[in-house]
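This report refers to the structure that appears directly beneath it.
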Amino acid sequence: MIELIKNEKGIFKNLINGKWKDSTTESTITILSPLDNSELGKINAMTREEVDEAIETAKIAQVVWRSTPLNERTDILYKAADLLESNLDELVQLLIMEIGKDKNSAISEVNRTADFIRFTADIAKNMGGESISGDNFPGYKRNKVSIVTREPLGVILAISPFNYPVNLAASKIAPAIVTGNSVVFKPATQGALSGLYLAKIFEMAGVPAGILNTVTGRGSEIGDYIVTHKGINFVNFTGSTEVGHRISNITSMVPLLMELGGKDAAIVLKDADLDLTAKNIVAGAYSYSGQRCTAVKRVLVVNEVADQLVEKVKILVEQLKVGNPLTSKDNVDIVPLINSKAADFVMELIQDAIEKGAKVLSGGTRKENLIQPTLMDNVTVDMRLAWEEPFGPVLPIIRVKDADEAIIIANQSEYGLQSSVFTQNINDAFYVADKLEVGTVQVNNKTERGPDHFPFLGVKSSGVGTQGIRYSIEAMTRPKATVINITQ
Ligand code: NAP
Ligand code: G3P
């Protein structure tokens, strides 16, 4: 059992310079469970001075850490992965309570994160620099060689969202520290306890003092201060497009790696295997109530097969298990949304679509924050649901005349995270994939990030830069060229 460190008032402390520190602030945030409103704990809304201390500490510690042998850094990662697995049950319980994740998804998040951390250590050990001979370039002789090594950037700011508080924190922290950077980690407020638990695991695994520091507080209050802090050398952010734009507008001369919102389309052509397609669409759209950046968020289906597909999707939607993970005996697919604001927003999109003529085939109702899985047919491009990211269990079906119309509508979105294309014709699959303005196209599969060593990126308003184990390592390091000039 891992005990998170609290002060005498029961407020969770933060990891700063290797110590779990109390805050000087009187300002605290109470974390309530989205499942039963029970109080899970209180965190500190840290002051600017405390943020300064976390960043300063990280800066000082990084100077020594960058010279620590790589095999010592990777050993710490292997230990952290083992600790995650050996504390799986406890962490899964925390995820369920804090962010309302269903049990299967919570188990998968923890296991996947352990795999991610181990694979990061493996890749880091196997990545080398290069040497480039000068005479490759016209006019030069063999008297110059550039030895290119990879250098850490310094202090990495890791900001994670509520929906994957462990995975999307570790996928920033692990590549950062293995490459000799230090980290200031600001978890999402709803998700902060899971984030602090992860920090505790890294500390127990042997991350030295100052290399991983946590900062809690509302992004709306301290976010701007942290992202524009002079001590930060790199910002790795996952969250909404709105906050991503804000960070990009207010920062200057600091590289950004941002994974933001999405409106992933599943494009269904007339020769698609409709059973496979329906199964993927439903799994992709509704798991964890659609609170995933990569959830299928619209279906663009050609008229010839639309009726058949819709029927199959509807049958599967009606089989989804709906309920509260706390009180349901079996695993549930559809859980209460993270808060009432999120549920209000989803209902607003559903209402707008109904008013403009969309047909509710299933769901459409809400009890507190639990929204029944909602399937809407005849959604058209004048409806908000065609364009906005609900982050909830609602799926619009947009009927199109052919693949070209599907491509046009898919690309009209401000987002460009992923898309799926379902067809049995490889030429058509490539035709569509080639034209989609997204980071990843899935052929005959739901949109999803994994496996986590694949490149993962969004274009347009879905992100900046590329994540994925090797890609994150590259992003968090820079080449350094030392040129040997040979006297001849
Ligand atoms: P969010 O509201 O944007 O929050 C994300 C993180 O940013 C939280 O830690 C938040 O802190 C912090 N934050 C808020 N304002 C900030 C500011 N001004 N400066 C710096 N940080 C600030 O997003 P969310 O609701 O947690 O997550 C859902 C969104 O994330 C969806 O749009 C989803 O598509 C996206 N997402 C994208 C990916 C991807 O890989 N593409 C993956 C998962 C989620 P507080 O919690 O304290 O507000
Ligand atoms: O890494 C977690 C998140 O970015 C997306 O993962 O499996 O929901 O597509 P997934």
Side-chain angles (χ1 to χ4, degrees), residues 29 31 43 45-46 51 98-99 101 105 108-109 112-113 115-116 157-172 184-192 195 214-229 232 235-251 256-264 283-285 287-288 290-297 337-339 341-342 345 388-392 415-418 438-440 442 445-452 454 456-459 461-469 472:
I29 302 166
I31 309 293
I43 54 167
M46 287 168 68
V51 170
E98 191 177 18
I99 58 153
K101 202 163 246 198
S105 300
S108 147
E109 175 168 354
R112 168 185 185 178
T113 304
D115 290 341
F116 186 105
L157 173 61
I159 304 181
S160 52
F162 81 83
N163 63 336
Y164 278 98
V166 174
N167 183 267
L168 286 173
S171 60
K172 298 171 176 58
V184 172
F185 165 42
K186 187 236 163 302
T189 296
Q190 191 76 38
T214 63
V215 167
T216 52
R218 293 211 183 277
S220 52
E221 286 165 17
I222 50 160
D224 289 1
Y225 186 72
I226 315 178
V227 297
T228 55
H229 199 288
I232 295 296
V235 179
N236 191 179
F237 170 83
T238 305
S240 61
T241 292
E242 189 190 346
V243 175
H245 270 299
R246 183 179 179 85
I247 293 174
S248 149
N249 284 336
I250 63 176
T251 51
L256 303 176
L257 178 52
M258 303 205 289
E259 300 296 342
L260 311 172
K263 186 73 182 170
D264 293 3
S287 66
Y288 186 34
Q291 297 175 112
R292 293 170 45 245
C293 55
T294 51
V296 173
K297 290 177 183 141
L337 294 188
I338 195 72
N339 54 40
K341 195 169 151 222
F345 179 66
E388 296 182 36
E389 180 189 41
F391 231 57
Y415 297 110
L417 191 56
Q418 294 203 350
V438 292
T440 303
Q442 301 273 356
N445 190 45
K446 59 185 179 297
T447 43
E448 63 182 359
R449 175 173 180 167
D452 289 329
F454 284 3
F456 182 58
L457 65 153
V459 300
S461 286
S462 285
V464 175
T466 305
Q467 293 195 122
I469 294 176
S472 292

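Note that ligands are numbered from 1 as they come in the structure, with each ligand's atoms numbered from 1 the same way.
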If you measure from each non-hydrogen atom of [X] to ligand 1, which part falls under 4.0 Å: side chain, backbone, both or neither?
X    : value
R246 : side chain
T294 : neither
V243 : side chain
Q467 : neither
L260 : backbone

At under 4.0 Å between heavy atoms, is it the side chain or the backbone of [X] that contacts ligand 2, or both, or neither?
X    : result
L168 : side chain
R112 : side chain
R449 : both

Within 45° cone and under 6.0 Å: K101 NZ/CZ vs Y164 ring: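 K101 over Y164 ring: yes.
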
Who's the nearest protein heavy-atom neighbour of [atom], and how far?
atom                    : result
atom 11 (O) of ligand 1 : K186 NZ, 3.1 Å
atom 27 (O) of ligand 1 : P161 CB, 3.5 Å
atom 32 (O) of ligand 1 : E389 OE1, 2.8 Å
atom 1 (O) of ligand 2  : N167 OD1, 2.7 Å
atom 35 (C) of ligand 1 : G239 O, 3.1 Å
atom 19 (N) of ligand 1 : G223 CA, 3.3 Å
atom 46 (O) of ligand 1 : T189 N, 2.8 Å
atom 21 (N) of ligand 1 : I159 CD1, 3.8 Å
atom 13 (N) of ligand 1 : G219 CA, 3.6 Å

Consider ligand 1: state whether an atom of it lies below 4.0 angstrom from any non-hydrogen atom of [X].
X    : answer
P187 : yes
S160 : yes
Y164 : no
G244 : no

When you measure from the side chain of [X] to the backbone of [Y], do you find a donor-acceptor pair of N or O atoms at a distance under 3.5 Å?
X    : Y    : answer
Q442 : Q418 : no
Q467 : S472 : no
R292 : N163 : no
T113 : E109 : yes
T216 : A45  : no
S160 : P165 : no
T241 : S461 : yes
E389 : G262 : yes
K186 : G217 : yes
E448 : T294 : no

Going by distance only, is there an N or O of [X] that falls short of 3.5 Å from an N or O of ligand 1?
X    : result
C293 : no
S240 : yes
T241 : no
K297 : no
Q190 : no
T238 : no
L417 : no

Pick from T238, N167, N236: which one makes a side chain to side chain donor-acceptor pair (under 3.5 Å) with K172?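 Filter result, single survivor: T238.
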
What atoms of ligand 1 come within less than 4.0 Å of a heavy atom belonging to [X]?
X    : value
A188 : 8 (C), 9 (O), 46 (O)
L168 : 42 (C), 43 (C)
N163 : 43 (C), 44 (C)
D224 : 18 (N), 19 (N)

Would F162 and T189 satisfy side chain to side chain contact (heavy atoms under 4.5 Å, CB included), going step by step from the backbone distance to the final call? CA-CA 7 Å; F162 81 83; T189 296; over 6 Å; no

Would atom 4 (O) of ligand 1 count as contacted, meaning some protein heavy atom under 4.0 Å?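 Given the 4.0 Å cut-off, atom 4 (O) of ligand 1 does not count as touching protein heavy atoms.
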
Which ligand 2 atoms, with their elements, are less than 4.0 angstrom from a heavy-atom of E448?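 This gives 9 (O) as the contact atoms.
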
Between K446 and D264, does any NZ, NE, NH1 or NH2 come within less than 4.0 Å of an OD or OE carboxylate oxygen?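 So D264 does not pair with K446 through a salt bridge.
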
Just distances here: any N/O of D452 and N/O of ligand 2 closer than 3.5 Å?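 Checking ligand 2 against D452, no N or O pair falls under 3.5 Å apart.
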
Under 3.5 Å between some N or O of ligand 2 and some N or O of T447?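 No; the residue has no nitrogen or oxygen that sits under 3.5 Å from a nitrogen or oxygen of the ligand.
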
For atom 33 (C) of ligand 1, which of the options F237, F162, F391 provides the nearest non-hydrogen atom?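 That would be F391.
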
Do V51 and V184 have side-chain heavy atoms sitting under 4.5 Å apart?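 The answer is no; the side chains never approach within 4.5 Å.
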
Using the side chain to side chain contact (heavy atoms under 4.5 Å, CB included) rule, take Y288 and S108 through it: C-alpha gap first, then chi angles, then the decisive distance, then the call. CA-CA 12 Å; Y288 186 34; S108 147; over 6 Å; no

Run F345 and L337 through side chain to side chain contact (heavy atoms under 4.5 Å, CB included) and show every step you take. CA-CA 11 Å; F345 179 66; L337 294 188; over 6 Å; no

Does the side chain to side chain contact (heavy atoms under 4.5 Å, CB included) test come out yes or no for D115 and D452, once each step is laid out? CA-CA 9 Å; D115 290 341; D452 289 329; over 6 Å; no

